[in-house]
Each structure stands twice: as C-alpha cells, then as structure tokens.
Amino acid sequence: MLHEFFLPPVCLGCRRLVGAIDPPLCSRCAPDLAPLDPTQRRQGDIDACYAYAGPLAQAVTRLKFAGEIELAGPLGRLLAAAPIWDQGWDLVVPVPLHAWRALLRGYNQAALLARWARRTAPGGPRLEVDLLRRARATAPQTDLDAVARHRNLAGAIGVRRGRAVAGRRVLVVDDVTT
C-alpha cells in the first residue's frame with residue numbers, strides 16, 4: 001500500500017525498519033515484549049494482549065508524549081491483529097481528548113491508533129471518531145492509582161448529543177490501560 005511506502009513499518013522499540021511482521025519488533029527488541037497469558041488478558045471490561053512494559057510501553061509513551069506519530073502505524077497494526085478486534089463490533093471509537101489537551105498535543109493518539117487499526121483490517125467495525133466527547137478536563141492518569149483513576153474519569157466522557165449507541169456493540173480504543 002502507498003502509506004507503507006511513506007510510513008514503512010518500524011520496530012516499536014528502536015524504530016529500525018522491520019517490514020510487515022507481527023508484532024512489529026526487530027530481533028533485538030522482540031525478546032522484551034511481554035505477552036499476557038490468555039487467562040490474564042481480560043480484566044473486567046478491559047482486554048489486553050500485552051503487558052504495559054518494555055518496547056511496547058516505550059512506543060506508547062513516545063507516541064503520546066513525544067509526538068512520534070509515526071509509531072501509530074505499527075501500534076495500530078498490532079491492535080488490528082489482537083483477538084479483540086474481530087469480535088463482531090458495530091463501531092470502533094477512540095477515547096476523546098479534552099479540547100485544551102488536544103490543542104496542546106496537536107493530535108489524539110487514541111484516534112490515530114483506531115484509524116491505523118481500521119485501515120489495517122478494513123473488514124472490521126466502522127470507525128466513529130466523533131461519537132464521544134470529553135465533558136470536562138481531567139487530571140493526567142499517570143500518577144493516580146486505580147481507584148483515583150476511576151474517580152477522575154467518572155462523568156468525564158459521554159456520547160455526543162444527537163448520537164445513539166443503544167443496541168450497538170462499541171469497541172472503545174485508548175492508548176494505555178493500566
């Protein structure tokens with residue numbers, strides 16, 4: 001595809017060119033990937049294939065905080081290869097940023113991940129980037145424990161007025177869940 005010419009697959013850990021491999025890691029970084037045992041992948045309503053550690057955590061952090069948006073492609077392809085992606089979802093929706101955070105960052109990393117995953121798996125759920133809205137600004141989640149994170153987000157995200165999700169299966173994509 002043309003996008004792979006302009007944004008070729010790179011290793012998530014060291015950013016070397018790797019070609020279209022799954023997971024997108026070179027032979028030096030691959031041993032540091034921490035796949036989760038299938039019995040550990042589901043925690044409540046959250047599904048994860050990998051622990052937030054090693055090259056994967058580094059790539060997500062660089063995408064989110066260092067502006068390395070070229071990592072959205074390999075991370076999105078990794079998301080599209082996850083078992084959760086192909087479970088009959090009607091929609092895939094990225095977690096929205098508050099307007100101020102979006103302005104400061106210049107992009108929504110969750111939306112980039114969802115777009116790349118959808119591009120990689122075109123038969124998957126329909127992408128709805130603007131279905132959700134951030135009702136209020138929240139403190140960054142990075143320094144909060146699980147209880148404080150839940151409290152911090154309570155009531156902060158909702159469905160936009162005039163939009164409906166009743167009766168639909170919606171996959172909500174975020175960059176990190178700890």
Side-chain angles (χ1 to χ4, degrees), residues 1-87 89 92-97 101-102 104-125 127 129 139-146 148-149 152-153 171-178:
M1 293 186 180
L2 190 56
H3 63 83
E4 289 179 357
F5 177 76
F6 291 108
L7 294 168
V10 296
C11 174
L12 293 175
C14 65
R15 299 180 55 194
R16 288 188 171 96
L17 292 175
V18 292
I21 60 173
D22 182 32
L25 293 164
C26 71
S27 59
R28 287 181 16 191
C29 295
D32 294 331
L33 186 65
L36 293 173
D37 182 86
T39 61
Q40 298 174 315
R41 289 184 178 175
R42 187 145 183 92
Q43 300 289 322
D45 290 335
I46 307 291
D47 277 281
C49 291
Y50 301 97
Y52 186 66
L56 188 57
Q58 293 167 4
V60 170
T61 299
R62 291 191 333 255
L63 168 64
K64 186 172 184 171
F65 298 114
E68 296 183 25
I69 62 172
E70 67 274 12
L71 292 171
L75 287 168
R77 288 190 290 273
L78 194 59
L79 173 61
I84 189 69
W85 187 259
D86 192 26
Q87 292 188 4
W89 303 103
V92 60
V93 179
V95 169
L97 292 177
R101 188 155 302 150
L104 290 172
R105 188 170 292 152
Y107 60 94
N108 179 339
Q109 67 281 355
L112 291 174
L113 293 172
R115 281 189 176 114
W116 273 99
R118 181 68 176 92
R119 183 177 293 148
T120 301
L127 178 63
V129 175
Q141 299 278 88
T142 52
D143 296 327
L144 304 177
D145 64 22
R149 287 173 188 231
N152 187 38
L153 289 178
L171 176 61
V172 179
V173 174
D174 199 4
D175 53 6
V176 179
T177 300
T178 306

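All values reported here derive from a predicted model rather than from experimental measurement.
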First locate atom CD of Gln109, then atom CG of Asp174, and finally report the distance between them rounded to the nearest 0.5 Å. 7.0 Å
Salt bridge (Lys or Arg N to Asp or Glu O under 4.0 Å) pairs touching residues 109-118, sequence neighbours excluded, are none
Quick one, Leu75 with Leu56, criterion side chain to side chain contact (heavy atoms under 4.5 Å, CB included). Give me CA distance, side-chain angles, the key distance, then yes/no. CA-CA 8 Å; Leu75 287 168; Leu56 188 57; 3.5 Å; yes
State, with a plain yes or no, whether a side-chain heavy atom of Pro55 is found less than 4.5 Å away from one of Cys11. no
Between the main-chain N or O of Ala139 and the side-chain N or O of Asn152, is there a donor-acceptor pair closer than 3.5 Å? yes
Distance col, row Leu113:CG vs Arg77:CZ, nearest 0.5 angstrom, shows 11.5 Å
Residues that Ala48 engages under side-chain contact (heavy atoms from CB on, under 4.5 Å), provided they are two or more places apart: Leu36
If you look only at distance, which donor and acceptor atoms sit under 3.5 Å apart when one is on a side chain in residues 25-34 and the other is two or more places apart or in another chain?
none

Sequence neighbours left out, what passes side-chain contact (heavy atoms from CB on, under 4.5 Å) with Leu104? Give chain and number order. none
When you look at CG of Asp143, are more than 12 heavy atoms from neighbouring residues, nucleotides or ligands closer to it than 6.0 Å? no
Using the rule side-chain contact (heavy atoms from CB on, under 4.5 Å), only one of Val93, Val173, Val92 pairs with Leu127; which is it? Val92
Quick one: are Lys64 and Arg105 in side-chain contact, heavy atoms under 4.5 Å? yes
Note: Leu63 and Ile69 closest approach over all heavy atoms is CD1-CA, 3.7 Å
For Glu68, enumerate each residue passing the side-chain contact (heavy atoms from CB on, under 4.5 Å) test, keeping only those at least two apart in sequence or located in another chain. Arg15, Arg62, Ala66, Glu70, Leu71
Measuring from atom CG of Leu78 to atom OH of Tyr50, what distance do you get when rounded to the nearest 0.5 angstrom? 4.5 Å
Here the gap from Ile84 atom CD1 to Trp89 atom CH2, rounded to the nearest 0.5 Å, amounts to 4.5 Å
Looking only at non-hydrogen atoms, find the nearest pair between Pro74 and Leu12 and report the distance. CB-CD2, 3.4 Å
Closest non-hydrogen atom pair between Trp85 and Ala114, with its separation: CH2-O, 4.3 Å
For a quick test of reading the model, state the closest non-hydrogen atom pair linking Arg149 to Thr142 and the distance between them. NH2-O, 3.6 Å
Who passes side-chain contact (heavy atoms from CB on, under 4.5 Å) against Ala81, sequence neighbours left out? Asp22
Kindly determine whether Asn108 and Arg101 satisfy side chain to side chain contact (heavy atoms under 4.5 Å, CB included), including the steps that lead there. CA-CA 9 Å; Asn108 179 339; Arg101 188 155 302 150; over 6 Å; no
